[in-house]
Amino acid sequence: QQQVKQSPQSLIVQKGGISIINCAYENTAFDYFPWYQQFPGKGPALLIAIRPDVSEKKEGRFTISFNKSAKQFSLHIMDSQPGDSATYFCAATLGGGGNKLTFGTGTQLKVEL
Amino acid sequence: EPEVTQTPSHQVTQMGQEVILRCVPISNHLYFYWYRQILGQKVEFLVSFYNNEISEKSEIFDDQFSVERPDGSNFTLKIRSTKLEDSAMYFCAIPTGAGTQYFGPGTRLTVL
């Protein structure tokens, strides 16, 4: 019940296109859903995050869509750029702070020219 | 943005040897986390440490692992007798508020 499922495992998008990564969770106690971006040899870096009381959050080219009833959330990267090529992890955590992050399996994104 | 440094950046050890991985946050934090990432796989929670005590640990964090805050500033993860399957990136993380965590650059552990 603690799992977070993520798809696709890998994704190739043309420059300027939209990248979409999907995640699903089972534990309804999860209260915070961040997305992390990881470049090779680096630690995960927070990209954007959302709480379940909103259906969408946008920051620049990055948007999270959240469907609480379906227990699903997704990351949309608009106008994808080669510099966006990285591994993206969705995550979930329980409310209240101080709780561990449960990560999805990751999506390796490649943006081609 | 909070900063965390980790040392060493790369540790190579023989199977059965003990290793100590270190993490130093720039500012004082009561909460602290260790995660592991086997090459090409997801980031997995190992242990959380609050106010000098373990607050939660995963099934990965068995008796071979221990965490300490030896001098009030840095945090250590010790693996007593390393196994081949301990080869991974190890990340420390600190909370940044609202449920998010800031990850250090990681230590790559290679067990031969």
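Reminder, nothing fancy here: chain letters follow the sequence lines and each chain counts from 1. Below, each value reflects all heavy atoms present in this structure, side chains not excepted, and no hydrogens, waters or symmetry copies.
By the neighbour-count criterion of 12 heavy atoms within 6.0 Å, atom CG of B/D63 is sparsely surrounded, having that number or fewer from other residues, nucleotides or ligands. Dense packing is recorded around CD of A/E59, with more than 12 heavy atoms of other residues, nucleotides or ligands lying under 6.0 Å away. Annotation for A/Q108: atom CD does not count as buried by contact number, only 12 or fewer foreign heavy atoms lying within 6.0 Å. Within a 6.0 Å radius of NZ in A/K57, other residues, nucleotides and ligands contribute more than 12 heavy atoms. When the shell of 6.0 Å around CD of A/Q9 is examined, it contains 12 or fewer heavy atoms from other residues, nucleotides or ligands. Within 6.0 Å of the CG atom in B/L84, the count of heavy atoms belonging to other residues, nucleotides or ligands exceeds 12. The number of heavy-atom neighbours closer than 6.0 Å to CZ of B/R108, taken from other residues, nucleotides and ligands shown, is 12 or below.
The most heavy-atom pairs under 4.5 Å with chain B, out of A/G106, A/A91, A/P44, come from A/P44.
The backbone N or O of A/N99 sits less than 3.5 Å from a side-chain atom of B/Q101, completing a donor-acceptor pair.
Taking CG of A/L46 as the reference point, atom OG1 of B/T96 lies at 6.5 Å (rounded to 0.5 Å). Distance check: B/Q37 CD to A/T87 OG1 gives 8.0 Å after rounding to the nearest 0.5 Å.
A heavy-atom distance below 4.5 Å is found between the side chains of A/F89 and B/K42. Under the 4.5 Å side-chain criterion, counting only non-hydrogen atoms from C-beta, B/Y35 is in contact with A/K100.
In this structure, the portion of B/F91 lying under 4.5 Å from any heavy atom of chain A is its side chain and not its backbone. Proximity to chain B is limited to the side chain of A/Q38, based on heavy atoms less than 4.5 angstrom apart. Neither the backbone nor the side chain of B/Q6 comes within contact range of chain A; no heavy atoms are under 4.5 Å apart.
Centroid-to-centroid, the aromatic rings of A/Y36 and B/F103 come within less than 6.0 Å.
A continuous path of ILVMFWY side-chain contacts below 4.5 Å connects A/I48 to A/Y25, so both sit in one hydrophobic cluster.
Nearest heavy-atom pair, B/T100 versus A/Y32, reported as atom, atom and distance to 0.1 Å: CG2-CE2, 3.3 Å.
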